[in-house]
4 protein chains.
Amino acid sequence: MSFNTFGHMFRVTTFGESHGPAIGCVVDGCPPRIPLTENDIQPFLDKRRPGQSRHTTQRQEPDSVRILSGVFTDEATGKQVTTGAPIALIIQNEDARSKDYSDIKDKYRPAHADYTYDVKYGIRDYRGGGRQSARETATRVAAGAIARKIVPGMNVRGALVQMGKRTIDRTRWDWAEVDKNPFFCPDGKTAVELADYLDGVRKSGSSVGAVIEIVADGVPAGLGAPIYGKLDGDLAAAMMGINAVKGVEIGAGFGAAALSGEENADDMRMGNDGKPRFLSNNAGGILGGISTGQSVVVRFAVKPTSSILTPRRTVDRYGNETEIVTKGRHDPCVGIRAVPIGEAMVACVIADHYLRQRAQMGAGPSWPFERLVPPI
Amino acid sequence: MSFNTFGHMFRVTTFGESHGPAIGCVVDGCPPRIPLTENDIQPFLDKRRPGQSRHTTQRQEPDSVRILSGVFTDEATGKQVTTGAPIALIIQNEDARSKDYSDIKDKYRPAHADYTYDVKYGIRDYRGGGRQSARETATRVAAGAIARKIVPGMNVRGALVQMGKRTIDRTRWDWAEVDKNPFFCPDGKTAVELADYLDGVRKSGSSVGAVIEIVADGVPAGLGAPIYGKLDGDLAAAMMGINAVKGVEIGAGFGAAALSGEENADDMRMGNDGKPRFLSNNAGGILGGISTGQSVVVRFAVKPTSSILTPRRTVDRYGNETEIVTKGRHDPCVGIRAVPIGEAMVACVIADHYLRQRAQMGAGPSWPFERLVPPI
Amino acid sequence: MSFNTFGHMFRVTTFGESHGPAIGCVVDGCPPRIPLTENDIQPFLDKRRPGQSRHTTQRQEPDSVRILSGVFTDEATGKQVTTGAPIALIIQNEDARSKDYSDIKDKYRPAHADYTYDVKYGIRDYRGGGRQSARETATRVAAGAIARKIVPGMNVRGALVQMGKRTIDRTRWDWAEVDKNPFFCPDGKTAVELADYLDGVRKSGSSVGAVIEIVADGVPAGLGAPIYGKLDGDLAAAMMGINAVKGVEIGAGFGAAALSGEENADDMRMGNDGKPRFLSNNAGGILGGISTGQSVVVRFAVKPTSSILTPRRTVDRYGNETEIVTKGRHDPCVGIRAVPIGEAMVACVIADHYLRQRAQMGAGPSWPFERLVPPI
Amino acid sequence: MSFNTFGHMFRVTTFGESHGPAIGCVVDGCPPRIPLTENDIQPFLDKRRPGQSRHTTQRQEPDSVRILSGVFTDEATGKQVTTGAPIALIIQNEDARSKDYSDIKDKYRPAHADYTYDVKYGIRDYRGGGRQSARETATRVAAGAIARKIVPGMNVRGALVQMGKRTIDRTRWDWAEVDKNPFFCPDGKTAVELADYLDGVRKSGSSVGAVIEIVADGVPAGLGAPIYGKLDGDLAAAMMGINAVKGVEIGAGFGAAALSGEENADDMRMGNDGKPRFLSNNAGGILGGISTGQSVVVRFAVKPTSSILTPRRTVDRYGNETEIVTKGRHDPCVGIRAVPIGEAMVACVIADHYLRQRAQMGAGPSWPFERLVPPI
């Protein structure tokens, strides 16, 4: 991960600012002959797109993705497929309203990256958040749609499990509920309460944080690498690399600190399929940086939107103390839209490790390994 | 981060297994003419070394580090300094007891990486944990000692803030306490209680997790990079890359999810030094992936040691269901020794970003930038 | 260099096929606040553009570059400058003639990459060469225009020094001649002869190779890194990465093999500027992988265009033996257009090393170093 | 390739100076379960070792390699095999004579890297060439011995084809001759002449350059990647990264510039094995950056040893003009020992691409692809 490129074998490079002509990404290293059209990508962008309920920012953009390269018609099937060449994806910016930025162009909004961009670069595109805008994440969602096609049998899903101080009741977890409410909440009862709660937050001009959980099923055992190329290490970087994320955990996560060794250990038995299975999943599907074959479970905390109506004390770039109020279209809970983004990033990380695993291992060892019986 | 190399400009490559002839690392990209001898590194290794109290594993090794390359005498000062060439560090393994591994060589210890290494590689060095042993982290501590010398004015310190369900009282935080108890606990009163608590855990053959907090002071503003090369992203990967770590957070971390935007925002005023200052540090010193100039605050959760005396259900590599008890020398709380390791990894990440920042920015912009007065 | 990304700190990722909707690149790591508009890039694209004389392919495209991101108006100067964010450049494909590809879609043109793309990927975009088309190099030229702005005082120029068996007379070398003939030839007299010669080659439906020389003046001493990150190593990879290049040499190059140690050594004296100077430049400005401060001199050989009118024996992708004639618009000497491409690649490599040098060294040592007098 | 690490999936990091305690390397990414002991590596080191004839430097070192990590006994076979963990190799420095360096510690030897190291780092280990010593290449040879085991069926051999102005007669090429003379010369008749010639060069205190050719047979078609990750691009960087190399070419190389398209094209027919074959190999086994399945042919030029007995004009690090004579043990033709080094580097590059190919392609397409008959 360096600057704006992410991944080793499945590599994503993104570009673009909120109010420039376009945002986009280049996906490099994708295996060839995978069917791919805009229709494979657009649904994930639609899921992330703001303005779909009163609970997210009212910026209205179709976010239509266009594939510029890396695909061609497979003569045998007539389908458009990847060619192994880099896949460039582009999304035009259409709702870049011309507005008055005089209030924010010199002032630093607390909890935004305004100050740090200025300190680092000495210049920043302040329009709509520029490069720091959540808009950049649309390109990650697009890349994630391609990543999902690389690992056979993998299914990556996400859900909101906490908003502000309200947590879901995990006994009511139902994946089918996630698509039925505007919060991606797997607990329908809590979702109803969240609607009222978030209305109140929005009306008061405040904002609130959230915790998102991503679950990747169908991840083969053996992905990852020890020491510095750990699957959980790369997942942590990927989640922490999403705007406004302040914490990441795998499986039992911070809760593991309070467990005893007996409580934490996931016992093993043989499954009906002749492969080992685990009796619990405190590991979150990863041991020693390598996938176990269980579901990979990642959770991350999103801070409350920094854009609020309450005036905050700040300074401007000339060293004057001042106050600022962030007006304009904003999500009262950016965590909601982090669900499809988190899914996409998890898919990208696992796809990258899937290819890396194949590099070092080829077909790899397969359980129960070469020797079916112990040596005598 | 790929396989066993970590960092972009300050690069650390580690090697070695618990019971092989030696472990070590190669540190590449270190600036030249920095004074460096074994004496600069050894104290950090001594701090990490097990067997120093009854609370850590009784493996006894001097862990003496030797510098094999990358240093030379500076004629002007007579001191040994770095030359800019790669610095190889080596630590001999001396206490690799010959013991009977027949019980573990084919069985998978729950919550260990035995199974995942076997699934991935089809072979593993089972002696003392092999490559997955915590022993590998000694090389990271050694590399961290070099990293500490790269960023002028930086001071990286760590502390244990939770063991099992017991958390410290942060109002009693005293850095001076950290060196006075075997737990690196900044709250002396809690440290006394932890001694009894951990004795109980050890005697019962159980284990317990912990939460560690690392604080880096003196980190210049402007380090990091947006999107995928974020300072917090790289810190998250580095912490999650430490053995047994299951969660990472920056600043307010998971707690930020429960905050309102008003509570979370760190207001800004001008400081006496003519630079902006923040009135709080929920950001943990990082906004938009870039350091703010405040203390960088990282916290991570360590799961309980997997090696416990209670028999656990498992399988062997031939597909037989069986039981296993982990005997031998083990830490009842591996989290304790994670303190110097976490410090080292934080130092390495920040040193890497310090060099990367210099690459892109040179001397960089300096507050209050080129223009002292606003344009009229 | 991995797949379609090039460079470490100054990173270029390219995408696009000859007959897709567009080609482009993302330039990442560019320092901020460098003035940059399309007008800084377009002249270099114009220089590379085909169809400007009868000696290059008649494909007619304006090759207009558009900057999609990474720039913003600097309020202090009113100029558009880089922001440090990734700079995406895009060039629409406009002259992608709809033509009949039935003859080449299944047949492998000898000396083209048709067969190797098919063997590697199992699919290829055969239209106009697809990803293997020389058209891709336009994006490198665009990136090079940015690279030129990074190293203060650097001037990168290229020239054709051999076409077929005809070499220039180096005593007549005049940089001013390069822009006066369609071959970028620094020897005006030879250029006149080449016009006739190439007319003959073109009319006979044949093609011819060339040797190109790139000279970078104003490269500071100290760029490069020993062993694997050598400046000449990266230059070699960059030149060899240009389509149709089969050889690269630095300074005396292959000629050095025939020299004695006495002939090859570049003696040193003190210059009037108080810095060491070399009395000759067999080193081509690089010793031990590190720049000497002299002109960096790189030469590369371009094979003859593979597209010729003489029928060649080949096979098709179904295993049938057949013949093929390459019709259509083609350069009789692709080496001509390799001049601006080689310049761009040299500029990119040196810019990358300039930033890498700054990372490890900061301001670096400056001659005559810290000590003006020898120790007594 | 960055600093002292080389490769993407098969990664080699080297360290050590000529007169430090040891040199070595870490090989990361090696597939597991490949039989490996020191006996697999030592023969290649022995081939490179100086002091074996009067024609190479008389430095006497056993150059015994020791494997420190990454191997374990495979229970099934009883053989020591790789585990997939990083393989550290170390070679002690034993013949580091204590000598008087007063003449060279401040003076820059022309054509050496003394000046550039000093300008870059402000300090250098001048003993025996320090990091710039050819001794470093022993570690590459060791890594190459591992690389050779990764690509099934690959055979990498090298030969000296030119020394000074004397070139071999290629019609007399006999690989069996290479091991019969101290020059690795495949033309026995020329080898006899070279012995006399080099005696004369050595006795006169002069030195001479050479051209080395490396041929890799058994390289599967499809290795490489277009644009920036080209197989020939990586080979060029690897060859140019060997000390004293000033030029690299593939196949017809610089000679291709003088060919017509008809002469250069390698025609294709179907082979008896049902796969395409080429009727010539001007391509040197690589088209479009991707291997064709033919022999990969790489040639590189080595400049004459810079250490000669003739006094040369130079300056010292204090800015004084002076003269220098390089005394001590030196090869009159360093090109000789470049043969095993070039072999090793070619093996490493191809092994890396073999693993990278497997990452993106898996088992990959296989000729004649999915469709045996053309669509009607």
Side-chain angles (χ1 to χ4, degrees), chain B residues 2-5 7-17 19-34 66-76 81-90 92-93 105-106 117 120-127 130-132 136 317, chain D residues 2-5 7-17 19-34 66-76 81-90 92-93 105-106 117 120-127 130-132 136 317:
Chain B
S2 106
F3 299 134
N4 296 280
T5 296
H8 289 261
M9 285 288 118
F10 182 82
R11 298 164 67 84
V12 181
T13 302
T14 79
F15 64 86
E17 286 84 28
H19 284 51
I23 59 173
C25 66
V26 182
V27 175
D28 200 7
C30 183
R33 293 173 295 150
I34 294 177
R66 188 175 176 211
I67 301 176
L68 291 183
S69 65
V71 292
F72 198 59
T73 305
D74 179 24
E75 195 173 72
V81 299
T82 59
T83 62
I87 303 165
L89 305 174
I90 199 163
Q92 301 295 324
N93 287 331
K105 80 181 178 59
D106 293 332
Y117 267 65
K120 183 176 189 75
Y121 299 114
I123 188 170
R124 68 193 163 96
D125 180 347
Y126 43 75
R127 301 167 304 161
R131 182 72 181 145
Q132 5 154 351
E136 179 272 340
R317 70 193 318 256
Chain D
S2 107
F3 300 135
N4 296 279
T5 296
H8 289 259
M9 285 288 118
F10 181 81
R11 299 164 66 83
V12 180
T13 302
T14 79
F15 63 86
E17 285 84 28
H19 283 52
I23 58 172
C25 67
V26 182
V27 176
D28 199 8
C30 183
R33 291 173 297 150
I34 294 177
R66 189 175 176 210
I67 301 176
L68 291 182
S69 65
V71 293
F72 198 60
T73 305
D74 179 26
E75 194 174 73
V81 299
T82 60
T83 62
I87 303 164
L89 304 174
I90 199 163
Q92 300 296 324
N93 288 330
K105 79 182 180 58
D106 293 332
Y117 268 64
K120 183 176 189 75
Y121 299 114
I123 189 170
R124 70 196 160 96
D125 181 347
Y126 44 74
R127 301 168 304 161
R131 182 70 180 147
Q132 5 153 351
E136 179 272 340
R317 70 194 318 256

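Below, read A as the first sequence line, B as the second, and so on, with proteins coming before strands; counting in each chain starts at 1. Computation of the quantities below employed the complete heavy-atom set of this structure, encompassing side-chain atoms and omitting hydrogens, waters and symmetry-equivalent molecules.
The candidate with the highest count of non-hydrogen atom pairs below 4.5 Å against chain B, out of D:Gly24, D:Gly84, D:Pro31, is D:Gly84. Ranked by heavy-atom pairs under 4.5 Å with chain D, the list B:Thr82, B:Leu68, B:Thr14, B:Ile23 is led by B:Leu68. Between chain B and the residues D:Gly16, D:Gly29, D:Pro32, the largest count of heavy-atom pairs under 4.5 Å involves D:Pro32.
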Residue pair B:Val81, D:Ile123: steps toward the side chain to side chain contact (heavy atoms under 4.5 Å, CB included) verdict:
CA-CA 9 Å; B:Val81 299; D:Ile123 189 170; 3.2 Å; yes

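Across B:Ala88 and D:Phe15, no two heavy atoms sit closer than the pair CB-CD1, 3.2 Å. Shown here for D:Phe72 and B:Arg127, the closest heavy-atom pair between the two residues is CE1-NE, 3.2 Å. Across all non-hydrogen atoms, the minimal contact from B:Glu17 to D:Ala85 is OE2-CB, 3.5 Å. The heavy-atom pair separating B:Tyr121 from D:Arg33 by the smallest distance is O-NE, 3.0 Å. Counting all heavy atoms, side chain and backbone alike, D:Asp28 lies closest to B:Thr5 at OD2-N, 4.2 Å. Annotation for B:Asn4 and D:Pro86: closest pair ND2-CD, 3.2 Å, computed over non-hydrogen atoms.
Proximity to chain B is limited to the side chain of D:Thr13, based on heavy atoms less than 4.5 angstrom apart. Only the side chain of D:Arg131 comes within contact range of chain B, judged by heavy atoms closer than 4.5 Å. Interface remark: D:Tyr126 contributes backbone and side-chain atoms alike to the contact with chain B (heavy atom separation under 4.5 Å). For B:Ile67, the part lying near chain D is the backbone, with the side chain staying farther off; criterion is any non-hydrogen pair under 4.5 Å.
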